[in-house]
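Working notes, beginning with the structure itself.
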Amino acid sequence: MKTRVTLIPGDGIGPSIADATVRILAAADAPIEWDRQVAGMAGVSRWHDPMPDCTIDSIKQTRLALKGPLETPVGEGYRSVNVALRKTFDLYSNVRPTRTITPGRYENIDIVLIRENTEGLYIGIEHYVKIADDPKAAAESLAVITRFGSERIMRYAFEYAVSHGRRKVTLAHKANILKYSQGLFLESGKHIAQEYAGRIEFEERIVDAMAMHLVIKPEQFDVIVTTNMFGDILSDLIAGLVGGLGLAPGGNIGTTAAIFEAVHGTAPDIAGKGVANPGALILAACMMLEHMGDRERGARIRTALEETIRERKTVTRDLGGSATTDQFTDAIISRLA
Ligand code: NAI
């Protein structure tokens, strides 16, 4: 029986990398029936709404979505649809695995960053403070950390470590300065870590020192868990250690739905040129297959992608080649046969 999955191709390079991913899943005989929906600028063009009701309804039914990047206007206009989707479906856990495919500056990186996805500075409560005749004399943003949110992301990180045969969880925080909010996150983390003592190693690091250690010796890290904004920044840093965002997938996972996506954006500079690297969305689809209980198929596609990249013959230009999105996709498909 086929599983219905909502497909949101997205904006910019989104539709072309989504097409590539759909072709690859079909070539691997993945039993998926796609329900195509729009969001972001494509939602505005079609339904005058960046997050149309029909898209939300579809995810409510399928509880599973694969999503291309969505454009977010900077400084003005509608708020991030990505953030809104996480809130709507309470997708509290953002999982971003990063692995060396072709050894470059670093040889052996295999890190999974787990970011709390619904709290912290991303709750969207901000305002300007008017002083005298300056309406923007100051701006305030509220960061909210709860014991409930901190404990559940910690438990998710430890359960992930257990189910994926990982050995260590590192909690990154800034509790030395933000003693209340970050302090609560750290306290909750230590509390949950006790339940896994003897099974999974636990350590905590201050986030700025952690950033340095990630650059100096990233191989020492295994699973990292952190709050929303630190997770946003550290996950891009980690992607940079293995060659950038072109191969960085992410899963947004809650108790009632999960949305898988590429970490990169809409790449407006190369949109429409047919040269985008579909690798990150393909890897996101592999994560989705694993989430669906189809680990073997996900691993098979990942291997085909990795081998194609290691061979270096038919890869897109961000990976040092000159292939188009379609040629790269065909090369992966030929290894799936
Ligand atoms: P970006 O990730 O779109 O682009 C940064 C650089 O990486 C560009 O030079 C781009 O060409 C390159 N790049 C990104 N993905 C690539 C791929 N698959 N293949 C080859 N090269 C690739 O980041 P930027 O420019 O900051 O954001 C553009 C738009 O994307 C904005 O509207 C932003 O809000 C949105 N965005 C959406 C995200 C999402 O939906 N998850 C995440 C990040 C940004």
Side-chain angles (χ1 to χ4, degrees), residues 6-21 24 37-45 50-51 55 59 65-89 91 94-96 98 101 113 115 117 122 124 228-229 231-240 242-253 258-285 287-288 305 308-309 314-329 332:
T6 305
L7 177 69
I8 305 170
D11 301 317
I13 60 170
S16 81
I17 60 173
D19 272 0
T21 307
I24 282 176
Q37 299 290 340
V38 289
M41 283 311 285
V44 172
S45 308
M51 202 164 92
T55 303
I59 301 172
L66 183 67
K67 187 186 76 58
L70 303 175
E71 187 178 327
T72 306
V74 177
E76 53 185 27
Y78 60 82
R79 279 187 175 274
S80 165
V81 177
N82 296 310
V83 175
L85 283 170
R86 288 169 203 164
K87 274 193 195 159
T88 304
F89 293 101
L91 306 172
N94 185 248
V95 181
R96 293 188 181 177
T98 304
I101 295 182
L113 185 129
R115 159 187 174 192
N117 221 7
Y122 282 63
N228 212 334
M229 184 174 266
D232 193 9
I233 298 166
L234 288 183
S235 59
D236 276 26
L237 186 158
I238 296 166
V242 299
L245 289 181
L247 294 169
N252 299 285
I253 297 162
I259 300 180
F260 295 86
E261 63 184 351
V263 171
H264 62 71
T266 59
D269 50 336
I270 56 166
K273 296 185 178 159
V275 296
N277 173 6
L281 196 62
I282 294 168
L283 289 172
M287 288 178 75
M288 186 179 81
L305 172 74
T308 308
I309 292 172
T314 318
V315 292
T316 46
R317 66 186 193 197
D318 60 305
L319 297 173
S322 59
T324 61
T325 309
D326 286 346
Q327 289 165 338
F328 183 37
T329 307
I332 300 166

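First listed ligand is number 1; within each ligand, the first listed atom is number 1. None of the values given here were measured: they were computed from a predicted structure.
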min-distance protein heavy atom vs atom 16 (C) of ligand 1 -> Ile13 CD1, 4.0 Å
Does the protein put any heavy atom within less than 4.0 Å of atom 26 (O) of ligand 1? no
Could you list which atoms of ligand 1 come closer than 4.0 Å to a heavy atom of Pro69? 39 (C), 40 (O)
Non-hydrogen atoms of Thr266 and Leu70 that approach each other most closely: CG2-C, 3.6 Å
Heavy-atom closest contact (Thr329 atom, Pro278 atom, distance): OG1-CG, 3.9 Å
Assess, by modelled atom type and distance only, whether the side chains of Thr324 and Asp326 contain a donor and an acceptor separated by less than 3.5 Å. no
What residue among Ile282, Leu281, Asp19 forms side-chain contact (heavy atoms from CB on, under 4.5 Å) with Ile24? Ile282
Return the residue, atom name and 0.1 Å-rounded distance of the protein heavy atom closest to atom 44 (C) of ligand 1. Gly265 CA, 3.3 Å
Relative to ligand 1, is Val263 under 4.0 angstrom through side chain, backbone, both or neither, heavy atoms considered? backbone
Taking a cutoff of less than 4.0 Å between a non-hydrogen atom of the residue and any ligand atom, is Ile17 in contact with ligand 1? no
I'd like to know if atom 2 (O) of ligand 1 has any protein heavy atom within a distance of less than 4.0 Å. yes
Of the non-hydrogen atoms in Pro249 and Ala284, which two are nearest, and what is the gap between them? CB-N, 3.4 Å
Checking a contact table here: which protein heavy atom is nearest atom 39 (C) of ligand 1, and how many Å away? Asn82 ND2, 3.1 Å
List ligand 1 atoms under 4.0 Å from Glu261, heavy atoms only on the residue side. 41 (N)
If you have a sec, work out which protein heavy atom is nearest atom 10 (C) of ligand 1 and how many Å separate them, to one decimal? Asp269 OD1, 3.4 Å
Side-chain donor/acceptor of Asn277 to backbone N/O of Thr316, under 3.5 Å: no
May I ask you to list the atoms of ligand 1 that are less than 4.0 angstrom from any heavy atom of Pro268? 28 (C)
Smallest heavy-atom separation, Ala280 atom then Ala248 atom, equals CB-O, 3.4 Å
Using a 4.0 Å heavy-atom threshold (strictly under), name the region of Thr266 that reaches ligand 1: side chain, backbone, both or neither. both
Determine whether the side chain, the backbone, both or neither of Asn277 has a heavy atom under 4.0 Å from any heavy atom of ligand 1. both
Answer yes or no: does an N/O atom from Gly246 fall short of 3.5 Å to an N/O atom of ligand 1? no
Under 4.0 Å from one or more heavy atoms of Ile270, ligand 1 contributes atoms 11 (O), 20 (C), 21 (N)
So, does Ser235 use its side chain to make a donor-acceptor pair with the main chain of Gly231 at under 3.5 Å? yes
Looking at atom 6 (C) of ligand 1, would you say a protein heavy atom lies below 4.0 Å from it? no
At what distance is the nearest protein heavy atom to atom 12 (C) of ligand 1, and which residue and atom is it? Ala267 CB, 4.4 Å
How does Thr72 reach ligand 1, by side chain, by backbone, by both or by neither, if only non-hydrogen atoms under 4.0 Å count? both
Taking only heavy atoms of Leu70 into account, list the atoms of ligand 1 that are under 4.0 Å away from them. 35 (C), 36 (N), 37 (C), 39 (C), 40 (O)
Would you verify whether the NZ or CZ of Arg115 falls within 45 degrees of the ring axis of Tyr122 while also being under 6.0 Å from that six-membered ring's centre? yes
Between Gly279 and Leu305, the two heavy atoms sitting closest are O-CD2, 4.0 Å
Minimum heavy-atom separation for Val263 to Gly250, with atom names? CG2-N, 4.0 Å
N/O donor-acceptor pair under 3.5 Å between Asp11 side chain and Glu71 backbone: yes
Consider ligand 1: state whether an atom of it lies below 4.0 angstrom from any non-hydrogen atom of Lys67. yes
